[in-house]
Number of protein chains: 2
Amino acid sequence: MAQKKEYLSKNQKIVLDIIEKSAQPMKAYSILFNVQKKGLKAPPQVYRALDKLVEIGKIHKIESRNAFIACRNSACTITNATAFSICESCEYVKEISSSKLSKYLSNFQDKEGMKYNKYNLEFFGICKKCK
Amino acid sequence: MAQKKEYLSKNQKIVLDIIEKSAQPMKAYSILFNVQKKGLKAPPQVYRALDKLVEIGKIHKIESRNAFIACRNSACTITNATAFSICESCEYVKEISSSKLSKYLSNFQDKEGMKYNKYNLEFFGICKKCK
DNA sequence: ATTACATTGTTATAATATAACAATAACAGA
DNA sequence: TCTGTTATTGTTATATTATAACAATGTAAT
Ligand SMILES: [Zn+2]
Ligand SMILES: [Zn+2]
Ligand SMILES: [Zn+2]
Ligand SMILES: [Zn+2]
């Protein structure tokens, strides 16, 4: 995990850094605002970095929120099997790392017997704090 | 299913109609273009209808694609447990109706024992045609 | 008729994301 | 070193997706 970071470009490091420092998902334009002091002034600079970081699995996109969160699931070397829980009240997001769940979904076949190489699952509910 | 439609408003019916006629997911602005001849001229008119239709489960949003598809899963009276397969080559989308899968996910508990009242799952792969 | 409430129409704008191209850096082979 | 090649960065403009705000109209109960 740490090694991979060595190969990141300058902008990729800057963007990853800010996301990793955030406990919760960040939106692209909030990232942009936060990295402007570091010289990244325009959306494409941020989006390019985000694309790459998603591709190599250092971060994940929370699709229903258009936001990006650092991967902290050590089992998540793969970028193609992601699961999250999202609190609909406070928007708290947590990556779910359940080998049972990922096994189940990775092996899932539809009615035609088709298997999939990738999935993204988002659970919604009310977190403990909000209850 | 048919009854519910009776209670839809004019704009909701128009928008649902165009989505149901489409075999595949439609984007909001494509819907807008298609309903302009029916008098819906501005985005809010379409987005309001979409919001309502999603809420009552007549359509679903494909989050990773920002697109909307009619629900054709008769078991999907619930709007809170959705699963789709998406072809990454041709973008073909199909709603998955597997009672086994939905049972598994509805009963899923995370490490803290928390259960969720809602989920959305998107599988990605290459469909038969594209292979 | 009056109130209340839902729906619609309308304009403007916010938020998210990409196209296109120029400039610079990194680097391998001649 | 020079040179071609590729990746990365910088920059401007624009496309795409979505909502705020408020006025107008419709619907139905009292
Ligand atoms: Zn992860
Ligand atoms: Zn919460
Ligand atoms: Zn459905
Ligand atoms: Zn396909």
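Below, all heavy atoms of this structure are taken into account, side chains as well, without hydrogens, waters or symmetry copies. Note on naming: letters A, B, ... go to the chains in the order of the sequence lines (proteins, then strands), and numbering restarts at 1 for each one.
As rounded to whole Å, 16 Å separates atom C1' of D:dT9 from atom CD of A:Gln36. Taking atom CG of residue A:Asn11 and atom C1' of nucleotide C:dT24, one finds them 12 Å apart after rounding to whole Å. As rounded to whole Å, 12 Å separates atom P of C:dC27 from atom OH of A:Tyr7. Counting to the nearest Å, the P atom of C:dC5 and the NZ atom of B:Lys52 are 16 Å from each other. Atom pair A:Ile56:CD1 and D:dT8:C1' shows a separation of 15 Å (rounding to whole Å applied). In this structure, the CD1 atom of B:Ile14 is 13 Å from the C1' atom of C:dT7, given to the nearest Å. Atom NZ of A:Lys38 is separated from atom C1' of D:dT8 by 19 Å (rounded to the nearest Å). Residue A:Gln12 contributes atom CD, which lies 12 Å from atom P of D:dG10 at whole-angstrom precision.
Partners of A:Lys10 under the side chain to side chain contact (heavy atoms under 4.5 Å, CB included) rule, at least two apart in sequence or in another chain, are A:Ile14. By the side-chain hydrogen bond (donor to acceptor under 3.5 Å, both in side chains) test, A:Glu122 is found to be paired with A:Ser64, A:Asn120, residues two or more places apart in sequence or in another chain being considered.
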Check your understanding: Where do B:Asn107 and B:Lys115 land on the side-chain contact (heavy atoms from CB on, under 4.5 Å) test, with the steps shown first?
Key -> CA-CA 7 Å; B:Asn107 291 325; B:Lys115 289 184 94 177; 3.9 Å; yes
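Distances shown here put every side-chain N or O of A:Ser9 at or beyond 4.0 Å from the OP1 or OP2 atom of D:dA7. Between B:Lys13 and C:dT7 there is no side-chain polar atom (N or O) within less than 4.0 angstrom of OP1 or OP2.
Two rings, from B:Phe124 and A:Tyr116, have their centers 6.0 Å or more apart.
Hydrophobic clustering (side-chain heavy atoms under 4.5 Å, transitive across Ile, Leu, Val, Met, Phe, Trp, Tyr) groups A:Leu8 together with A:Val15. A:Ile86 and B:Phe108 fall into different hydrophobic clusters, defined by Ile, Leu, Val, Met, Phe, Trp and Tyr side-chain heavy atoms under 4.5 Å apart, directly or through other members.
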Practice item. Heavy atoms under 4.0 Å is the rule here; annotate nucleotides 11-25 of chain D 5' to 3' with B where the base is hit, S where only the sugar-phosphate is, and - elsewhere. Key: BB----BBBBB----
